[in-house]
4 protein chains.
Amino acid sequence: MKGKIIESSIRLFERRGFAETSIQDIVETLGVTKGTFYYYFSSKEELLMDIHLSYIDGLIARQEEILRDASAPASAKIRGIISLLIHDIQCQGLSAKVFFREMKILSEEKLRQIVPKRDLFRFNTEQLVKEGIKNGEFRPDLDPAIVTFGILGMANWSYQWFQPGGRLTEDAVSDMFVDMLLTGIAVK
Amino acid sequence: MKGKIIESSIRLFERRGFAETSIQDIVETLGVTKGTFYYYFSSKEELLMDIHLSYIDGLIARQEEILRDASAPASAKIRGIISLLIHDIQCQGLSAKVFFREMKILSEEKLRQIVPKRDLFRFNTEQLVKEGIKNGEFRPDLDPAIVTFGILGMANWSYQWFQPGGRLTEDAVSDMFVDMLLTGIAVK
Amino acid sequence: MKGKIIESSIRLFERRGFAETSIQDIVETLGVTKGTFYYYFSSKEELLMDIHLSYIDGLIARQEEILRDASAPASAKIRGIISLLIHDIQCQGLSAKVFFREMKILSEEKLRQIVPKRDLFRFNTEQLVKEGIKNGEFRPDLDPAIVTFGILGMANWSYQWFQPGGRLTEDAVSDMFVDMLLTGIAVK
Amino acid sequence: MKGKIIESSIRLFERRGFAETSIQDIVETLGVTKGTFYYYFSSKEELLMDIHLSYIDGLIARQEEILRDASAPASAKIRGIISLLIHDIQCQGLSAKVFFREMKILSEEKLRQIVPKRDLFRFNTEQLVKEGIKNGEFRPDLDPAIVTFGILGMANWSYQWFQPGGRLTEDAVSDMFVDMLLTGIAVK
DNA sequence: AATGAATGAGAATTCATTCAT
DNA sequence: GATGAATGAATTCTCATTCAT
């Protein structure tokens, strides 16, 4: 039941937004009563928290898997991360949208649990960029922080436009993003 | 008064979110009453609409100014657009955040007014990319749509992290984004 | 309207108790809506607070009037205070009952506003007892604190049983309480 | 288990009040579940009833013990009753507070079981006063009903202020109350 | 141009209670 | 004896909105 509530909520939050979705709306789609909701979650915010946490935790876990592979060059790992993010939009997309949009709603206290994880993902990516610079793969004249923000911006933004099943496949987008990123769009 | 209400609302919407900000909150910070609000706006949604429209209209106007300059190369115009977006985060940043976050809230009908403008901005950018390809500035093997999404993602994402007055200046960020974009991050 | 809400609430609280009376109940008896209630009171607790404060403030004001009369003997003043309390049960009785019963419900913070006033009333009474002892009216071998608790207990308890319009008049009760108190019930 | 539930409930009811204490609260402090509660009690009201009944029954039983002693003078019996009440505040105090406060909550039907017992206690006391008058111990010019209410008020009120372990011992208070009551506070 | 009282619909949340296991 | 999932009705409270003045 708890799982069903989460699933259903994600769908609704994505479509209408968190604040615009009532507990009533959630339980109605499941054919249960509000009491049931509160049996599993102590508040609406806790549910959002649950969604956020499982999204970011999943992301970090898979990122660390990518980073662990010592033999791969930094560029391959960057590709992995971009793919990972875009894939998530396709697959777990609803969670992702909820994650990026409904952050402000969490209380200070809950944010203290989420923000560090979000930062960790960025930090890991930045480390990767630095590594690439050190081992001569990436240009040393670029600021790793800005590069990282650029990479994440490119990939994360896809939650705003990427349509699974549309003209562009997930792989095509990831490949092209990596291509752009590594060699630039200008003709040499 | 109308202006003051808008200003004040943007600040509040950015901080707490649209749904979490009540009309009471808005008028209280101005020391007026709810009646006053409804003298100027017919609904809360109309106010949000106002904010959205003036943001996107301003953006488009300035974009078209950039595009109009026939002599400039495409790369310079791209730079202009990136600068424009990042500048807006710095300057009109609150509007921008509200714009990106509180889209889902608008009714179908209001969205029909906003979405085409948003698309226009992207379309204009995509045209620019295509132009650059045609005149030999940009690589012809890249999909213009994806490139455009990448560019806008990079720049727009800055609303999530860019801090005016922080370590990175607006210009440093714009420059490096353009640099990355044109020549890539890989060592040749 | 605010006044009407208070009046109506006192009646309901007295009959059913605070927790058992809903805002719905209150507004229904007045033919208004819940919104109206919250226009005047920010919470149910605030309403209870209002009732408590105006009760205890009235009591203290009238007590101080009684005490001010320098020429009267302590015994007359004691009589005044007993009369005052019993009169209040008759007259403002509902408030009184609410006051004595629904104290625990107030939050710590609200209690900090009420308790000192309640204590002041007792303190004033105790001072009076001490004065009576000093000027030779009252027995010096009695503990003024206990005597005071006894007096207040006798009088306050009447909220549990005194029925205005019943066999016993307010004056008969006050007189007899004072008589008992001063000369005792034992035959000399 | 039933005993534990009662004990625990009294403590909670006294601290927060009956309506403000949930069954959840009660079972949580015992580490059991709500089902357990309903195995022993058919409703929350029944639990309150249980508490009330065992309090008042105990009181009456001990009062009748005091009254039975034919040889003792009325004044000694009055002392016994005052002691009894004050002792109960010290010892079973929580029950007492709950008893005095949470009466209004019981349904008509349950009240019909409690009120007569409460009245019996008062009636027994009043009989005692009348006896004292008849046998010449007490003044014949006082109304026995009022005297009784005065006595009970003095003693019962102690549930509002008496603090076991404070400056005043139970015996000191009882003694002084009896002294006041019998011979009055005025200097002869 | 602005106020302030009032509305009414709906929100989140609580909680006593039931019942199959 | 006890559990835990589920209910459903009620509760407090919020808030966009209206409207006479």
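Proteins come first, then strands; the chains are lettered A, B, ... in the order of their sequence lines, and each starts at number 1.
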Discussion item. I need the CD1-P distance between C:Ile26 and E:dA6, as an integer number of Å.
Written reply: 16 Å

Response to the item:
note: B:Tyr40, atom OH; E:dT3, atom C1'; distance rounded to Å ~ 13 Å

Item to complete: Could you check whether B:Phe37 gets within reach of a base, just the sugar-phosphate, or nothing at all, counting any heavy atom under 4.0 Å?
Response: nothing

Item to complete: Decide whether C:Ser22 and C:Asp25 meet the rule of one side-chain donor and one side-chain acceptor closer than 3.5 Å.
Response: yes

Discussion item. Without decimals, in angstroms, what is the distance between C:Glu28 CD and F:dT12 C1'?
Written reply: 15 Å

Fill in: Residue whose closest nucleotide on DNA chain F lies nearer the 5' end, B:Asp25 versus D:Thr33
D:Thr33

Discussion item. Just N and O in the side chain of C:Tyr38: are any of them under 4.0 Å from OP1 or OP2 of F:dC13?
Written reply: yes

Worksheet item: Picking from F:dC13, F:dG1, E:dT3, which would you name as closest to the side chain of D:Tyr39?
Response: F:dG1

Worksheet entry | Pairwise side-chain contact, B:Ile114 with B:Met49, heavy-atom cut-off 4.5 Å (strictly under) | yes

Discussion item. Quick check: any donor-acceptor pair below 3.5 Å linking the side-chain of C:Lys34 to the base of E:dG10?
Written reply: yes

Worksheet entry | Which nucleotide in F:dT3, E:dA2, E:dT17 has an atom nearest any side-chain atom of D:Lys44 | E:dT17

Worksheet item: Just how far, in rounded Å, is C1' of F:dT17 from CD of B:Glu46?
Response: 14 Å

Fill in: Closest listed nucleotide, where the reference is the side chain of D:Val32 and the choices are F:dT3, F:dT11, F:dT17
F:dT3

Worksheet item: Do you know the tightest heavy-atom contact between B:Tyr55 and B:Asp88?
Response: CE1-OD2, 3.4 Å

Worksheet item: How many Å lie between CD on A:Glu20 and P on E:dA9, as a whole number?
Response: 21 Å

Worksheet entry | A:Phe41 CZ - F:dA6 C1' separation (whole Å) | 15 Å

Discussion item. Output the rounded distance in Å from CZ (B:Phe18) to P (F:dC15).
Written reply: 12 Å

Discussion item. Given the ring of D:Phe18, does D:Lys44 sit roughly above its face, with NZ or CZ under 6.0 Å from the centre of the six-membered ring and within 45° of the axis?
Written reply: yes

Worksheet, complete the sentence: Using Watson-Crick geometry (N1-N3 plus N6-O4 or O6-N4) or G-U wobble (N1-O2, O6-N3), each under 3.5 Å, F:dA20 is paired with E:dT3

Discussion item. Go nucleotide by nucleotide along DNA chain F from the 5' end; which of C:Ile23 and C:Gly35 gets its closest nucleotide reached first?
Written reply: C:Ile23

Discussion item. Can you confirm whether A:Phe37 sits close enough to A:Ile5 that some side-chain heavy atom of one is under 4.5 Å from a side-chain heavy atom of the other?
Written reply: yes

Practice prompt. Could you state the atom-to-atom distance from NZ of A:Lys2 to P of F:dG4 in whole Å?
Written response: 15 Å

Discussion item. Under 4.0 Å from OP1 or OP2 of F:dT7: is there any side-chain N or O of A:Thr36 that close?
Written reply: yes

Worksheet item: Nearest nucleotide by nearest heavy atom, which residue falls closer to the 5' end of DNA chain E, D:Thr21 or C:Met1?
Response: C:Met1

